[in-house]
Protein chains: 2
Amino acid sequence: MPRSPVSQRLAEAAIALFDERGYDETTVDDIAARAGVSRSTFFRHYRSKEEVIFPDHDALLAQVRARLTASTADTAIVAVCDAVRIVLTRYAEDAEVSLQRYRLVGKVPALRHREIVSVARYQRLFREFVGDWLGDSPDAALRAELMAASVVAAHNQVLRGWLRANGGHDPFPALDHALQYVITTFRHLERSRDDGDQDADRVIVAAFRGSASPDTVMDAIRTQLQTPS
Amino acid sequence: MPRSPVSQRLAEAAIALFDERGYDETTVDDIAARAGVSRSTFFRHYRSKEEVIFPDHDALLAQVRARLTASTADTAIVAVCDAVRIVLTRYAEDAEVSLQRYRLVGKVPALRHREIVSVARYQRLFREFVGDWLGDSPDAALRAELMAASVVAAHNQVLRGWLRANGGHDPFPALDHALQYVITTFRHLERSRDDGDQDADRVIVAAFRGSASPDTVMDAIRTQLQTPS
DNA sequence: CAAGGCACTGAAACTGAGTATCGTCCGCAT
DNA sequence: ATGCGGACGATACTCAGTTTCAGTGCCTTG
């Protein structure tokens, strides 16, 4: 359902005033006055002064959740990557509003914080989804956390780039590229590990300066293999 | 320098009251009264009612920043992993306070939001650090974002596990395990710093399942050394 | 000892966000 | 016409956070 005309007027008045005077210097009374309604009415349409900048985040989150549960992708990470496109689509389809909000959020800490919290909700949703998908495989919780964080980070990176370029280009190729990055990065973690004794899951990480001679490296590794910690 | 006795009394009063009545039901007046000082004094010691729960986050962030700039690790991701240990150390060294805060944050959305914002500051610091390190190599910004997000996610995962277990065990083995996960995941994304000879500082990070036979490992490493990417 | 400076505190007034309550008005169906 | 429900305005209230001013103890310096 479309937003009511009053909500619309309030949002426009708020954005205009935030732009002219700044966020902190604008009171809810000012917004209501410009929209031609009372202060009470403002709080009937928006739970807080911040929410007027981030309307329908709840609806978008619900949409993403629905997309996830309906997903037919064959791996968790692909499903989540698929779902995150919805978010970017929403931003891209009203570039005007997104850009205005981006400039505002860049200047006002309170709004930046609000946005960070919103993003965390998506990340949590992804984490829970991937966690359920992976079940109780070893390190499932850890992998879920990492995947969710990576997908969100990729999205944020692409979105910021698009916003900083004033929305001039199509952001989806960049998103696909970034998500491909994530998917390939995590592909080797998707394989189910063989279950067996616990030691089978130990990993060894060896780091050397590239300038070291191959012999030095081989010696060090040989030593390490002979004395597992 | 240690916190002043007044700050200490205020913090204890606040935590006690939050525990008894709940966060929203406790006013700053209540806290100040129990601590035996005036409301003014409260705000002289803490900028907000929330901050009494998260004292020295600024100091910790500065400490992490200092550790990063002083780092001698040979790759960005290792430096960041190194830095994140400081954070977990801080949590672990007063487990009592951490646990009390954890229970509180779990119940009060406002505090949860505050914590999310704090975490985002670390992530941003890491992102900028890795970004600078990677310079203008292709996808540097994207990789920086992903690495920062992953390291933070790994830390959060370990911390949450530790807190949920009431701080019963040493969290650092789990952290090391999680960070190794991240390092191995990103090993193919690492690049060297560009000082003079680009190749001189290249590193190789190899990860193997502990169940692999030494011969298999040696073969793989030999192959890798002969064909540097 | 005295005078002035400084850090800490209390008191009080103020702004503004967010909540709760009440009365009113308008549209709409029976 | 009567009843009803939803949206609005007005008002008062709580509380976080800011600002200002004044008092007090302490420490230095003459």
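Quick note on labels: first sequence line is chain A, next is B, and so on, each numbered from 1.
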Is there a side-chain contact (heavy atoms from CB on, under 4.5 Å) between A:Ser150 and A:Tyr181 once you walk through the steps? CA-CA 10 Å; A:Ser150 294; A:Tyr181 228 104; over 6 Å; no

Hey, mind stepping through B:Val158 and B:Phe172 against side-chain contact (heavy atoms from CB on, under 4.5 Å) and telling me if it holds? CA-CA 8 Å; B:Val158 172; B:Phe172 284 94; over 6 Å; no

Set out, in order, the CA-CA distance, both residues' side-chain angles and the distance that settles side-chain contact (heavy atoms from CB on, under 4.5 Å) for B:Asp30 and B:Arg21, then state yes or no. CA-CA 11 Å; B:Asp30 298 334; B:Arg21 306 185 201 173; 3.0 Å; yes

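Of the residues in residues 43-53 of chain B, those placing a heavy atom less than 4.0 Å from an atom of DNA chain D are B:Phe43, B:Arg47, B:Ser48, B:Lys49, in numerical order. Contacts with DNA chain D (heavy atom under 4.0 Å) in residues 23-42 of chain B: B:Thr26, B:Thr27, B:Val28, B:Arg39, listed by number.
Ion pairing between a basic and an acidic side chain is recognised when a charged N comes within 4.0 Å of a carboxylate O; A:Asp58 and A:Arg121 show such pairing. We find that B:Asp132 and B:Arg127 are not joined by a salt bridge, their nearest charged nitrogen and carboxylate oxygen being 4.0 Å or further apart. Ionic pairing of A:Arg34 and A:Glu12 is not present here: no N-O contact between side-chain nitrogen and carboxylate oxygen is shorter than 4.0 angstrom.
Taking the ring centre of A:Phe42 as origin, the terminal cationic atom of A:Lys49 falls outside the region bounded by 6.0 Å and 45° from the ring axis.
Under a cut-off of 6.0 angstrom, the local environment of CD in A:Glu96 is sparse, with at most 12 non-hydrogen atoms contributed by other residues, nucleotides or ligands.
Nearest approach of A:Arg85 to A:Thr89, heavy atoms of both residues: O-OG1, 2.6 Å.
The nucleotide range of DNA chain C contacted by chain A, defined by atoms under 4.0 angstrom from heavy atoms of the protein and reported 5' to 3', is C:dG16 to C:dT19. Chain A approaches DNA chain D over the interval D:dC8 to D:dT11, counting the first and last nucleotide 5' to 3' with an atom under 4.0 Å from its heavy atoms.
Residue pairs meeting the side chain to side chain donor-acceptor pair (under 3.5 Å) criterion with at least one member in residues 97-109 of chain B: none, sequence neighbours excluded.
With values rounded to the nearest 0.5 angstrom, A:His155 atom NE2 is found 11.0 Å from A:Arg160 atom CZ.
Judged as a side chain to side chain donor-acceptor pair (under 3.5 Å), and not counting sequence neighbours, the contacts of A:Asp82 are A:Arg67.
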